[in-house]
Number of protein chains: 2
Amino acid sequence: MPLAALYQGKRSFTVTDTAPLPPGRGEVRLDVAYVGICGTDIHIFHGAMDARVKPPQIIGHEMSGTVAELGPGVTGLAVGDPVVVRPLDNRAETPADRGLGHICRGLKFIGIDSPGAYQNSWTVPAFTVHKAPAGTDLRLAALAEPLAVACHDVRLGAVRPGELAVVIGGGPIGMLVALVARAAGAQVIVSEVNESRLTFARSLGFEAVNPATTDLPALCRARSEDRGADLVFEVSGARAAAASMTDLLALRGRVVLVAIYPKPVELNLFQFFWKELKLVGARVYEPEDYEKALRLIAEKSLPLERFVTRVEPLARIQQAFEQLDAHPDAMKVLIDCRAA
Amino acid sequence: MPLAALYQGKRSFTVTDTAPLPPGRGEVRLDVAYVGICGTDIHIFHGAMDARVKPPQIIGHEMSGTVAELGPGVTGLAVGDPVVVRPLDNRAETPADRGLGHICRGLKFIGIDSPGAYQNSWTVPAFTVHKAPAGTDLRLAALAEPLAVACHDVRLGAVRPGELAVVIGGGPIGMLVALVARAAGAQVIVSEVNESRLTFARSLGFEAVNPATTDLPALCRARSEDRGADLVFEVSGARAAAASMTDLLALRGRVVLVAIYPKPVELNLFQFFWKELKLVGARVYEPEDYEKALRLIAEKSLPLERFVTRVEPLARIQQAFEQLDAHPDAMKVLIDCRAA
């Protein structure tokens, strides 16, 4: 029998036998390979989303795997294909959503609002499945979801070669944004307060500074012939970052807002006016961002291997969550969901 | 002798004889026709900008007039040409300003940082002068400056035909934005709390509502097949407007920030993220906005005559400022600066 990890609420998983779900019309059953632990998963683990997740529930959405079985009517996929899932169910989309399925009002997030990937065998709608290039490393393919977030952020930021970008917040998403922005030709400075994350960022070749001890606006001017930064990616969610990010920017500089601010925060709107700054919110990803992420993974041009802090077997998911929760400096912890 | 109005500080003007300033190389001397009283002029009148204006000083920047005399090296203008002045002196621009002269760091605003237009005869750099089409009504041409602000705002908002735009704040700039956005094909709702301004907006054919008594988000949805507004022009500078404007917008809706917020204000950044909203700051105007404003004035397609609340002679500038300050509901008060 395949295994599944059930989130039970109260910081607790149980791993149990489960029957594989035969794929219905338009569905695909996948053999799951690796599933990354997302910050949202940790948030769920804390019990903060129990009203939405409704434990007991299988969670997990940063996955890689292979096609195990095709339901009726599915084309373009074959058993054995390496794949990843874009965990957005937009079947409730309406014309009022303007064709923006990825942020439509009735969006369901697979792995939060419906069963997720921490199991050996996962059945999903075929429209969520992206085929990875043959030979793709399935460990790295489990990074496709957060990497697609970064691709979306860089695309909405319209990064151009030679621009100076500041990434505020050096967690997994921030560092992937930094890599993708650099691959797009930007010069990137990482702003982060955590020393081990600063060390990690520097090991990837980024100029990385602590804004508490470095005059970041002055650094931006020094790196741009006095213009200031062209872009800021705000990934930290810190009120101080929101308040001060406008100080970093050149005339007509842009902010890409990636972080989630649950409560209203103060912004320096005077500077938005004075310097004609722009701000754009960026949420999840669209299909082209997944395709871009899969190309980047297959190309092996980014040091993605460095993002895999460790791999734990599905049977140890409880310990993996506890350890990551206690030591959140880790970049990415993968759960190996391959059947024994 | 020509006359000039000198702002003396402490809510006081004196009108005195003045010698016309012969135009130097690259300068033009203008016979001033009409000069509108701007909100900034009232702000100066209150003494709020004395450190920058340095009274006694001639202020005023919303002007129309004719060319009286050309300095050496000036081409493209002839004595008698109807003209307006774009009161931005960007001669201190540097490469770090990225070619954005209108918001360059060393920008001097003519009529604030250097002598302005409340006088019969005004000498200005030729590069600030825009020729109006022959036959342009000089009273309406005095609206070119605020109308150019509106053209800039609508251009930076990238208004497309059929879009739903909400203008928050029905003062002179807000109402001109509403007219230009409507001319660009948008459906426009005006949000304003002042009853006489609401009446004025309705008299121009706009749906105009008080957000304290109308459910504005619901109205936006009702007018857009449930999508919400495509754009908000925030012209009010009210903290409540900044806090709630995100509620009005459709997915990927845009905010054009026109108002000046001297202090940081709270924004709902969650909605910027969730709906992938954009915000863009818009300040003053670029040359093409002036050209557009002059075309609109010459075409006579907008009801600009309605914006001229009254015209007062230069000799009565003190009373004109006092009256407008006491009754700020007026749209635009012009000072007739033509020599007697």
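Here is how names work: the chains are called A, B, and so on, in the same order as the sequence lines, proteins then strands, and each is numbered from 1.
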If you count heavy atoms of other groups shown closer than 6.0 angstrom to NZ of A:K275, is the number above 12?
yes
Salt bridge B:R252-A:E286, side-chain N to carboxylate O under 4.0 Å:
yes
With only heavy atoms counted, which part of B:A243 is less than 4.5 Å from chain A, the side chain, the backbone, both or neither?
neither
So does A:H46 have more than 12 non-hydrogen atoms from other groups sitting under 6.0 Å from NE2?
yes
Of the listed residues (A:L100, A:T94, A:V265, A:V284), which shares the most heavy-atom pairs with chain B below a 4.5 Å separation?
A:V265
Under 4.5 Å from any heavy atom of chain A - which part of B:E276
both
Please flag which part of A:L107 lies under 4.5 Å from any non-hydrogen atom of chain B: side chain, backbone, both or neither.
neither
Minimal heavy-atom distance between B:F270 and A:Y261, with the atoms involved, is CB-O, 3.2 Å
Using a cut-off of under 4.5 Å on heavy-atom pairs, state which of A:H152, A:R254, A:Q271, A:K263 scores highest against chain B.
A:H152
Check step by step if side-chain contact (heavy atoms from CB on, under 4.5 Å) holds for B:I103 and A:W274.
CA-CA 7 Å; B:I103 54 172; A:W274 194 250; over 6 Å; no
Chain B: which of A:D226, A:N268, A:L156 shares the most heavy-atom pairs with it under 4.5 Å?
A:D226
Mind ranking A:R221, A:H102, A:E225 by heavy-atom pairs under 4.5 Å with chain B and telling me who comes out on top?
A:H102
So do B:V255 and A:L279 actually touch side chain to side chain, heavy atoms under 4.5 Å?
no
Which one of A:R105, A:R283, A:E266 has the most heavy-atom pairs closer than 4.5 Å to chain B?
A:R283
Return the option, out of A:L267, A:V280, A:L257, with the maximum number of heavy-atom pairs under 4.5 Å with chain B.
A:L267
A:L251 backbone acceptor or donor facing B:R98 side chain under 3.5 Å:
yes
